[in-house]
Amino acid sequence: RKEVEQDPGPFNVPEGATVAFNCTYSNSASQSFFWYRQDCRKEPKLLMSVYSSGNEDGRFTAQLNRASQYISLLIRDSKLSDSATYLCVVNFRTGNQFYFGTGTSLTVIP
Amino acid sequence: DAGITQSPRHKVTETGTPVTLRCHQTENHRYMYWYRQDPGHGLRLIHYSYGVKDTDKGEVSDGYSVSRSKTEDFLLTLESATSSQTSVYFCATGQGSNSPLHFGNGTRLTVT
């Protein structure tokens, strides 16, 4: 079983739509959680950290559910520029290693 | 991130030749990582470093070695490149488990 699992998609949504991605992780002792965005042939870039109480940054909302071991990302009012691959990342308490999901592809359609 | 530079950006090499990829940071981050990214697998950790001369293996370390002689530089060496090592390699740095990683812009390696 992979440490971090994501639905690869692709998700194709119209502009203005709301879309949500989930990511599950295997290690209940996981310590920190992040969402990254990766554009084609580019490096991953931090989108937002995920805090226990949930957090919001503009149109983006991240949530953590420790009991069910998943994190989620909600994008409201999708823009064409949101088209990218979204990666969830988990750091486990044992060792300073970060585990990546395989990414979820999002295309926002005009 | 402007503070993390990978070189070379692209390389084509033949099977059996040694290859060294370089990661240089100006962030003074303690931790440095080498990942490879392949379709269907996402980013997988090759090796990481938690300080000068302190390194450890990741999940796909076979065929790779690393060295970190100073804080700024983390080298990844393929002693004898194989076609299965054709990939995009990313270097990342961080300040600890509660801080996010920051990535270099990647090295695209092709082994023919």
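In what follows, chains are A, B, ... by sequence order, proteins preceding strands, each numbered from 1.
The OG1 atom of A:Thr102 sits 10.0 Å away from atom CD of B:Gln37, with the distance rounded to the nearest 0.5 Å. In this structure, CD in A:Gln97 is found 7.0 Å from CG in B:Asp56, a value given to the nearest 0.5 Å. Residue A:Arg41 holds its CZ atom at 13.0 Å from CG of B:Asn105, rounded to the nearest 0.5 Å. A:Phe100 contributes atom CZ, which lies 5.0 Å from atom CG of B:Leu101 (distance to the nearest 0.5 angstrom).
Proximity to chain A (any heavy atom under 4.5 Å) is restricted, for B:Leu45, to the side chain, taken from C-beta onward. The part of A:Tyr36 that comes within reach of chain B is its side chain, from C-beta onward, which places non-hydrogen atoms under 4.5 angstrom from that chain. Using a 4.5 Å cut-off between heavy atoms, B:Arg44 does not touch chain A at all. Proximity to chain B is limited to the side chain of A:Phe34, based on heavy atoms less than 4.5 angstrom apart. Only the side chain of A:Gln38 comes within contact range of chain B, judged by heavy atoms closer than 4.5 Å.
For B:Tyr31, there are no ring-ring contact (aromatic ring centres under 6.0 Å, His included) partners two or more places apart in sequence or in a different chain.
Chosen from B:Ser99, B:Gly40, B:Pro39, the residue pairing most often with chain A at heavy-atom distances under 4.5 Å is B:Ser99. Note on B:Pro100, B:Gly106, B:Gly42: by heavy-atom pairs under 4.5 Å with chain A, the leading option is B:Pro100.
One hydrophobic cluster holds both A:Val108 and A:Val19 under the rule that ILVMFWY side chains link at heavy-atom gaps under 4.5 Å. Under the 4.5 Å side-chain heavy-atom criterion for ILVMFWY residues, no single connected hydrophobic cluster contains both B:Val12 and B:Tyr89. B:Tyr35 and B:Met32 are not part of a single hydrophobic cluster, where members link through side-chain heavy atoms under 4.5 Å apart. Hydrophobic clustering, with ILVMFWY side chains joined whenever heavy atoms are under 4.5 angstrom apart, keeps A:Leu73 apart from A:Tyr70. Under the 4.5 Å side-chain heavy-atom criterion for ILVMFWY residues, a single connected hydrophobic cluster contains both A:Ile71 and A:Leu106.
The minimum heavy-atom distance between B:Phe90 and A:Lys42, with the atom names listed, is CZ-O, 3.6 Å.
The number of heavy atoms from other shown groups lying within 6.0 Å of CD (A:Gln6) is above 12.
Side-chain rings of B:Tyr48 and A:Phe98 stay apart, their centers remaining 6.0 Å or farther from each other.
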